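Here's the structure, in structure tokens; my notes come after.
No experiment lies behind these values; they were computed from the predicted model shown. Residue numbers start from 1 in every chain, and the chains themselves are labelled A, B, ... in the order their sequence lines are given, proteins ahead of strands.
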2 protein chains.
Amino acid sequence: MPTIRDVARYAQVSVGTVSNVLNGSTLVKDETRQRVLMAIEALNYHPTAAARSLSTQRTNTIGMIRSEIRLQGNLIETDPMVLDLIDGITSAAISSSTGLTFWAIPAGEREMALYKQLVTSRQIDGLILFALREKDPRVAYLREQEFPFVIFGRFESDEGDNWIDVDGAGGIEAAVRHLVELGHHRIAYLSPPHEQYLTGLRWQGFVQGMRDMNVPIDLALVYEGDFSEKSGQLGTHYFLDQPNPPTAIFCNNDRMAFGAMRAIQARGLVVGQDVSVVGFDDVSLARYSNPPLTTISQPIHHIGGALFDLLINLINQQPIDLLGGKLLKPELIVRQSTGMPR
Amino acid sequence: MPTIRDVARYAQVSVGTVSNVLNGSTLVKDETRQRVLMAIEALNYHPTAAARSLSTQRTNTIGMIRSEIRLQGNLIETDPMVLDLIDGITSAAISSSTGLTFWAIPAGEREMALYKQLVTSRQIDGLILFALREKDPRVAYLREQEFPFVIFGRFESDEGDNWIDVDGAGGIEAAVRHLVELGHHRIAYLSPPHEQYLTGLRWQGFVQGMRDMNVPIDLALVYEGDFSEKSGQLGTHYFLDQPNPPTAIFCNNDRMAFGAMRAIQARGLVVGQDVSVVGFDDVSLARYSNPPLTTISQPIHHIGGALFDLLINLINQQPIDLLGGKLLKPELIVRQSTGMPR
DNA sequence: ACACCTAATTGAACCGGTTCAATTACAGTA
DNA sequence: TACTGTAATTGAACCGGTTCAATTAGGTGT
């Protein structure tokens, strides 16, 4: 494996010159540059990433850590939405030849240890956080360390310039309006897990939407899910077992909505007629479910790219201009899972 | 940021000793070890990953590259199955504090350039390949470079010890048997894209299954999809527009099966009665679709972990024992999307 | 007291890049 | 021809670990 010194010798120049050629410095005479390039070609030389990182203090890698969450012992699978996020990030990352490194670890002490590891060992240049929890210790730590990071979502205050979020509350208000306009008065709310930070924001949107439409909230029609299809199913059975069941169910993600539809159908009821269902995310399958799911669409692929750009600017300490704004408007996509109540 | 020399000075030992403590060498006297550990604690020292990589030639990172594929200009989204694979890999990786780095790049010249980059710059210790294509240039290159890599799937010959696959052909044979036993004779086949290497293997399974059951294959009932819901939908409309339409459709992944079910339902037909549908993968949603999807289940989370272990052994040049075997038996999960033909 | 052996410790050399002060090359001017 | 200014090049020092031959410490046997 040739080193920069081999190239220098072959091209009869110094290592400094080779380095300048590699990094596109304008200080190199054209003829010399050609000679160096030919040497690089001839020896099939590629700079070693680790050596470069060591002296530049940059790794050209950003990180993302999934908090594995277990409920009753079984792992909650990653939401397909995250895959779209990854797609968006990596698509944007490739143009600046940056990689996205992934870890998965259960929330808790070991999680913090991993974050500390990564930050202090300079294994990555920055982090993308998502699915923040209430009083999330990760944010405090990263802030304290002044380590570059961006958040998909908000946290505690809307201040700071390192987050991008979708106005989920606004989306829910729109969904409630849609349901009430169809004639629904008993609307159930399938909540995200209470540990999640967004749970509070989403709930506010629901409360606001119901208030705006003058519909009372029945706390018997609120169920805490965990984003899995299973919990959507369980919550829906719980709702439909009530003496006074709902005619519509708002679900905080599409997976729970799919579970909800399944539960409704298992009781011989028709989704969109007997019970309406609204989801959140608009995963690609939502359009192909039976019936197609009314849901709140977030431009997740675009958000992934925007988060990446934001993070890179943060890392490079460049001024940040969030042209598209940092609080994006989601869009209610009406399909056949919602209809007038019977 | 303290370095190993700072720690050495603080603990009044040499850098070599600190390094020995860090790497768990038994050559250090217990008392000295304690002093060093206290210094590490006091200075809050963490070794720099790049420096370590430079001298050990190991990065503790493995890579995975998604080939972005565009058809008619639009990006094919990543299959949710891949997310489960990532989950499986990262779950296994964390215990050996290894990260998984991700890139996405369109297949073609730039793709090969990226592979060469990564291999020669020693940015990663090994690669996990998936979704191999016919005559895939990546395999030849990596073999030639003797770079450690493992494949989810097989390639050209079943030789080599660096792959794990599911016996897709066997799964399809079982699916065909299931359909024929229900009474189906006109079975359509929704194929993967022809560029994919597994397409040939899967087709052989279909042919074998049909032959075993003495059912003729009608080439008018074969359609090449691209793994997207959309293509499942298109293929199904194509099938149902035939003068002599099928009573069952085998789809090579669940996403296409969801599209197929949607198309069937759009025509006012009932899935599992008028037309049966079988998928492949058993993604988590398959159990919650309407009707629940009969599909071929692969232990994808487990495969992710096994691929990781295999790769680590390859990297460490340790003997490999694939206890579970490298060709795993998939399982046909019968749900309500298949039934007797009318 | 001395030889001998093992356990522990040392620190210079190395991994392979980048950086920048110092030096050299060369063209333009007096 | 000497002088000046800019362009190009040089190479030692540095980034922060690991490694290992050489050295020292400490214990045992005679």
query: Does A:Thr17 put a side-chain nitrogen or oxygen below 4.0 Å from OP1 or OP2 of D:dT10?
result: yes
task: Would you check if there is a donor-acceptor pair between the side chains of A:Arg58 and A:Asn316 at a distance under 3.5 Å?
output: yes
query: Can a donor-acceptor pair be found between the side chains of A:Asp125 and A:Thr59 at a distance below 3.5 Å?
result: yes
- line: Of A:Lys29 and B:Arg33, the one whose nearest nucleotide on DNA chain C sits closer to the 5' end is B:Arg33
query: Are A:Thr90 and B:Arg66 linked by a side-chain donor-acceptor pair shorter than 3.5 Å?
result: no
- prompt: Is any NZ, NE, NH1 or NH2 atom of the basic residue among A:Arg133 and A:Glu111 found under 4.0 Å from an Asp or Glu carboxylate oxygen of the other?
  reply: yes
field: Distance flag, aromatic centroids of A:Tyr141 and A:Tyr115, threshold under 6.0 Å
entry: no
query: Taking CG from A:Asp30 and P from D:dA7, how many angstroms apart are they, rounded to a whole number?
result: 15 Å
Check nucleotides 15-17 of chain D for protein N or O atoms closer than 3.5 Å to its own N or O atoms and list the pairs.
{"unit_1": "D:dG17", "atom_1": "OP1", "unit_2": "B:Tyr45", "atom_2": "OH", "d": "3.3"}
{"unit_1": "D:dG17", "atom_1": "OP1", "unit_2": "B:Thr48", "atom_2": "N", "d": "3.3"}
{"unit_1": "D:dG17", "atom_1": "OP1", "unit_2": "B:Thr48", "atom_2": "OG1", "d": "3.3"}
{"unit_1": "D:dG17", "atom_1": "OP2", "unit_2": "B:Ile4", "atom_2": "N", "d": "2.7"}
{"unit_1": "D:dG17", "atom_1": "OP2", "unit_2": "B:Tyr45", "atom_2": "OH", "d": "3.2"}
{"unit_1": "D:dG17", "atom_1": "O5'", "unit_2": "B:Tyr45", "atom_2": "OH", "d": "2.9"}
{"unit_1": "D:dG17", "atom_1": "O5'", "unit_2": "B:Thr48", "atom_2": "N", "d": "3.4"}
{"unit_1": "D:dG17", "atom_1": "N7", "unit_2": "B:Arg5", "atom_2": "NH2", "d": "2.7"}
{"unit_1": "D:dG17", "atom_1": "O6", "unit_2": "B:Arg5", "atom_2": "NH2", "d": "2.8"}

- prompt: To the nearest Å, how far apart are B:Leu27 CG and D:dA21 P?
  reply: 14 Å
message: At 4.0 Å (heavy atoms only), tell me whether A:Thr56 reaches a base, stays on the sugar-phosphate, or touches nothing.
response: sugar-phosphate
C:dT9 OP1/OP2 closer than 4.0 Å to side-chain N/O of B:Ser14: no
- prompt: Within the structure shown, what part of the strands sits under 4.0 Å from A:Ser53 by heavy-atom distance: base, sugar-phosphate, or nothing?
  reply: nothing
task: To the nearest Å, give me how far apart CG (B:Asn20) and C1' (D:dT18) are.
output: 9 Å
query: How about A:Asn60 and A:Thr98: does a side-chain donor come under 3.5 Å of a side-chain acceptor?
result: no
